[in-house]
Amino acid sequence: MRFSKLFAPTLREVPAEAEVVSQQLMLRAGFMRKSAAGMYSYLPLAWRVLKKIENIIREEMDASGAQEILMPIVQPAELWQESGRWDVYGLEMVRLKDRHNREFCLGPTHEEMVTSLIRGDVRSYRQLPMNLYQIQNKYRDERRPRFGLMRGREFIMKDAYSFDRDEAGLDVSYKTMYDAYTRIFDRCGLTYRPVEADSGAIGGNGSHEFMVLAESGEAEIAYCTQCDYAADVEKAELHEIVAPEETALEKAEVVTPDCKTIVDVCNYLNLPQDKSVKAVAFKSEKGLILCFVRGDHEVNEIKVVNTVGVNEVEMADEDMLIAAGTCGGYMGPCGIDPKKAIVVCDSTVMKMHNFCCGANKEGYHLVNVNPGRDFTPTYVADIRLIQEGDPCPHCGGKVAKARGIEVGQVFKLFTKYSKAMHATFLDEQGKEQPMVMGCYGIGVSRTMAAAIEQNNDKDGIIWPVAIAPYEVLVVPVNNKDAESTAKAEEIYAALTKAGVETVIDDRNERPGVKFKDADLIGYPLRVVVGPKTLKAGEIEVKARKTGEVTMLPVAGDYVAAIKEMLAKL
Ligand code: 9G3
């Protein structure tokens, strides 16, 4: 490819709205242009990267026995009404009407569509297991699209759906997809971790997210520094901590003037934080929820949502606390009227003795409170948020935290959709059974952005060679020097003929400009051809990732040498 012909409009300055490095670099390096919030056009360089990622996905999906299909983007509302999800999703679902005024949505995902597709034609156990996948644009009208392709409103997803006779079969399909994902992300040259994930609203339990580790990642993961345990922080389960036995002392009310936080109270009462209990109050569709955890722990909102069985929670306001007979800064589990508030205690709190907590009265706290004797909560559950240094739930090792970009997720759906939509098959006994399903997504465009987040430096992108838009850039440094320019053209032709994806920067620009653009776009190898090195019969090959420079004899088989260097990157 000749750079003078390549549509890759590079920018000198960083676009103002670009918040993360992948967005900045893709705009500056001429990989993409924004068409609307969260919607981008992929220019030739980006499209070549996406094609490589997709082909790695296709090879591994096909090798796993999955079959590629393509379903419509526009989905009839009836399918979502059958599954009961038409009214679950709000503005995030892009809805439209056709000329006959019939309702549709732009596909945010395809569980309903694929279940309706197969229920007509899969009737016998002999046809199972089956895994169908597609690679296609998805639409989700994010309230705040941001970070470029990392949280777009229109994005490319590979979504696969498995159908089995029973849960044992699903376990096999799930593991097959999990293993295929590890091969896909390994081949893309990414550093990632599969983490246990909260399967959230789509029902079914058992799911993993594949996280590319990067500081700009929106997801937070907790992982063990000793074993391979890793979990989305929202999901990380924690064992209860049993405090050492103590005889229960007499509960007493103490005046605690201007002690608004648990730290103030512990300082004032000269108590360690692990002998205190603090509260977090939420409001929900089921009313006020008072959550109690040990003073040095944090509440995990997702666990509260799952424990109480509400759709979502948000912070309660003071007047709700007053109405329930308590007040901010002085909340405690004792004496709360269960009709006025749901009391949720972390399981560790229930194993504490003689602790201090709010007295539900302005300016007062209680000391020597004991669970059972002094209060009985509505719920007792693990509602703790995993923290740095916590013992690993699997091996007791130290837990650390990292940020990650979710590039893939695998879910067990069981019969959630097949029951709702009557996708059944006849088993060996001729009995009608619902198919047992799984679904498996990869954010293709997000994977490209994640690769940049993980592989960049001050000069630009450093592409992993397997997904680089081109493998080699040939740079003639002085187009006034006929001999070296001719030699550069010869090298470009020889590499291209040998199947090496090559660009020649044939612009009438100073070498510095060419080198800057080369580093910005991030070709894995750069071959510099100039009169000086040619006089010594050499060409210079520089690796973008390591900066390593190799001088090759121009009279030698430089094509084979360059191919060998690419294979080692
Ligand atoms: C919607 C809208 C947004 C959504 C969904 C539905 C996320 C929705 C979850 C999934 C689960 C898996 C197959 C590929 C892998 C992920 N956001 N999800 O179902 F209507 Cl507006 O998409 N689907």
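Counting convention: from 1, in listed order, for ligands and their atoms alike. Starting from 1, each residue takes its place in the sequence as its number. Predicted, not measured: the structure shown is a model, and the values here were computed from it.
Looking at Gly441, Pro108, Ala160, it is Pro108 that brings a heavy atom closest to atom 20 (F) of ligand 1. The heavy atom nearest to atom 8 (C) of ligand 1, out of those in Tyr161, Tyr89, Tyr133, Tyr139, is found in Tyr89.
Note: no N/O pair closer than 3.5 Å links Asp159 and ligand 1 by distance alone. Close N/O approach between Glu92 and ligand 1 is not found [any backbone or side-chain N/O within under 3.5 Å]. The shortest N or O to N or O distance between Trp80 and ligand 1 is not below 3.5 Å.
Annotation: side-chain contact (heavy atoms from CB on, under 4.5 Å) contacts of Ala231 (sequence neighbours excluded): Glu196, Tyr229, Ala236.
With a 4.0 Å cut-off on non-hydrogen atoms, Met93 touches ligand 1 through its backbone as well as its side chain.
Pairs of residues two or more places apart, or lying in two chains, that qualify as salt bridge (charged side-chain N to carboxylate O under 4.0 Å, His left out) and include a residue from residues 430-450 are Arg123-Glu432.
Which parts of ligand 1 touch Arg140 is read off a 4.0 Å heavy-atom cut-off, strictly below it: atoms 3 (C), 4 (C), 7 (C), 10 (C), 17 (N), 18 (N), 22 (O).
No side-chain heavy atom of Val343 sits less than 4.5 Å from a side-chain heavy atom of Tyr379.
Under a 4.0 angstrom heavy-atom cut-off, Glu111 registers as being in contact with ligand 1.
A donor-acceptor pair shorter than 3.5 Å can be found between the side chains of Tyr161 and Asp159.
The number of heavy-atom neighbours closer than 6.0 Å to CG of Asn311, taken from other residues, nucleotides and ligands shown, is 12 or below.
Note that the CD1 atom of Ile521 and the CG atom of Leu25 stand 11.0 Å from one another [nearest 0.5 Å].
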